[in-house]
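Would you mind keeping the following structure in view while I ask a few things?
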Amino acid sequence: MLTASTVAYSEEAECPMVRIAPERLPDLNVPRHGHSIFYANDELTVVGGHTTNFVPTPTAEYFAYGKWHLLQMAYPHDNGFAVVLRSGEAIIGGGHDEELGVGQTFTLERYTPQNHTFEGFGCLDRRRVLSKAIQMADGRVVIAGNHYTEDAIACYDGQSQVQHLKDVVQGRSNPYILRIADDDVLIIGGYDTHDQRPDTVWADRLKGDAFRVPLLEQWQLVYTDLPFNSDLCAIDENTYLLTVTDENGQLGIVEARDTCFTLLPTACPLPMKGPYGPIDFKGPIIVDRQHQRGYIIGVNDSLLNRQYIIAVDYARQPAGVTLYYTDPLPCATDALPILTPDGDLVLAGGIVHDNYKPSSVVWLYHFGTAMPSVASSAWLWGIVGGAVVVGLMLLLLFLRRRSSHVNVVEEAKNTDEMAENGELVQRLCQLLEERRLYLKSRLRQSEVATELGVSVSNITDSLATQRGITFAQLLAEYRVRYAQQLLTEQPDMKIAAVITESGFTSESTFFRTFKAVTGLSPKEWLAGNGDKTD
């Protein structure tokens, strides 16, 4: 988890504040806002949105091997919805019909990540924009929400077109759809379809009658016009965390469990100001179930040059709160983040000042892996600075006498660290080999870290110092080696079976990884190791 050398406290918020430095990833090919972001086939993927001049873009991108790969979609989906199915495919639907965020569409398409293709296959029950979707236990996809036109609950059963299921008591724009049972959901929202806050807040149910939620009238749901999936806010199968504000604008968190809504107690008020002024927080809380932490993204209220992240350790009683903030960034946006498999946060695209000039910048915040740079709060440097000036004068005299001793100690320390790193890599490889964990297609580094009783960053640092590779690269080596064994020892095995048996999730991933590891395609490699026929 993230560590910091010094923690300071804000007089206004009375919560710890920690300065952090994100890592900048390669920029998107297309600047975009109003897009959906998700993981499909273990690949970070963005779809749709609008680009420069507020024009909807019928493009998508996925991140692999250090760069973004541009894809053509069947339709543009600016402020549409996207839901990743258990099959691995994604369904994308709706969005604005015209430039400048105008109108709604019927469009519906399917994304197949294994071959990176989009296919338009039907239409929605009505024109929709700023709607949401969630998959039920039986495979059906429930859809709700709309903007400046009628709302209703609809369903896609995976076979036919989207069908109307039920009218709603209260229409909503960009609602939450909360799964409370295998066959039931709650639908709630902070704004109606005309961007107005309702005086009375109702929760519609897929099964059963709608009911009023008084707490969400006292604490109003924070509204965002950005696409998101309600599953990102889930702390278990039927419990969700929701961001809210009171009449004074104070940010809070509501826990929604089944049909019960309660305010989550926190150790200090959620901070509305940082060391450089007011912060604008909008959007849902992104939950990391493994570390029992949630993240809320914010930016400067006016300058938009610093990123702020509130981290809430929701399992504590009361919940712990920490405010993380950056130095001025080349581009700090209001994009909604996605949680990586390792527990980091990625922010891709978004807007800086207006919808006509979206960003292509991508930031990675290392909350699950090692942070590149962490520093203390700004005010503390002023206090420390004076002491450092005096201390350095004394320290220089002291170091002249101690330098030889320090060198010996540091060498011994480095030797110990290298030995520990080497031992951990040996334990890691032994675990992977003895239990053949690398054959598990969706193996996470955090799972292995738990097995070994170490942190994710321990594994990351040890592999970097000992082997100069990442955990993903280590898995790739093992999987390719196993595939080579199958190719030579079982020449009659179909290539599709080789791919699956070796732990790869798709044919395209297999071929790219094989060449990255060996420098050859499977066909070229087989040329020197015997032929293989399909």
Side-chain angles (χ1 to χ4, degrees), residues 1-2 20-49 59-71 82-84 90 111 113 224 226-234 281-291 293-299 304 306-311 324-326 329-352 358-374 442 444-446 456-457 460 470-472:
M1 290 300 295
L2 186 66
I20 56 174
E23 176 185 356
R24 185 165 177 175
L25 298 182
D27 288 0
L28 297 168
N29 291 287
V30 176
R32 61 182 78 223
H33 181 60
H35 54 282
S36 296
I37 182 168
F38 51 81
Y39 273 89
N41 194 32
D42 293 328
E43 292 172 337
L44 181 61
T45 307
V46 297
V47 298
T59 64
E61 306 183 40
Y62 70 94
F63 189 72
Y65 292 95
K67 66 178 182 178
W68 292 94
H69 303 264
L70 193 63
L71 302 171
V83 56
V84 180
Y111 173 54
T224 177
L226 302 176
F228 71 94
N229 191 297
S230 302
D231 278 338
L232 297 176
C233 314
F281 290 103
K282 67 176 185 179
I285 184 169
I286 308 301
V287 169
D288 180 353
R289 291 195 196 184
Q290 178 184 349
H291 297 109
R293 238 185 180 201
Y295 301 98
I296 309 171
I297 301 297
V299 292
L304 293 176
R306 294 178 190 269
Q307 207 81 57
Y308 293 86
I309 302 176
I310 294 178
Y324 296 94
Y325 67 95
T326 69
L329 300 173
C331 180
T333 73
D334 68 348
L336 293 183
I338 186 74
L339 189 73
T340 73
D342 289 328
D344 296 331
L345 290 179
V346 173
L347 277 71
I351 58 172
V352 181
S359 171
S360 60
V361 171
V362 182
W363 295 107
L364 174 66
Y365 288 84
H366 293 263
F367 285 96
T369 57
M371 177 66 75
S373 175
V374 181
R442 300 190 183 276
R444 294 186 176 184
Q445 187 172 349
S446 56
V456 170
S457 59
T460 300
T470 65
F471 181 73

Quiz prompt | Close side-chain approach of Y365 and T326, heavy atoms under 4.5 Å | solution = yes
Quiz prompt | D344 vs E23 side-chain heavy atoms within contact, under 4.5 Å | solution = no
Quiz item: Is the shortest heavy-atom distance from the side chain of Y39 to the side chain of P341 under 4.5 Å?
Solution: yes
Quiz item: Do the side chains of L232 and I338 get nearer than 4.5 Å, heavy atoms only?
Solution: yes
Quiz item: Are the side chain of E61 and the backbone of N29 linked by a donor-acceptor contact shorter than 3.5 Å?
Solution: yes
Quiz item: What residue among D342, L345, L339 forms side chain to side chain contact (heavy atoms under 4.5 Å, CB included) with D288?
Solution: L339
Self-check item: Sidechain-backbone polar pair: H35 side chain, A348 backbone, donor-acceptor under 3.5 Å
Solution: yes
Self-check item: Test item: E43 side-chain N/O and A64 main-chain N/O as donor-acceptor pair under 3.5 Å
Solution: no
Quiz item: Hey, does the side chain of R32 reach the backbone of T59 with a donor-acceptor pair shorter than 3.5 angstrom?
Solution: yes
Self-check item: Minimum side-chain heavy-atom gap V346-W363 below 4.5 Å
Solution: no
Quiz prompt | Verdict with reasoning, Q445 to T470, per side chain to side chain donor-acceptor pair (under 3.5 Å) | solution = CA-CA 10 Å; Q445 187 172 349; T470 65; over 6 Å; no
Quiz item: Okay, side chain of R24, backbone of V361: is any donor-acceptor separation there less than 3.5 Å?
Solution: no
Exercise. For the residue pair Y295 and F367, categorise the inter-ring angle as parallel (less than 30°), tilted (30 to 60°) or perpendicular (more than 60°).
Key: tilted
Exercise. Please say which of P284, S36, P337 ends up in a side chain to side chain contact (heavy atoms under 4.5 Å, CB included) with F228.
Key: P284
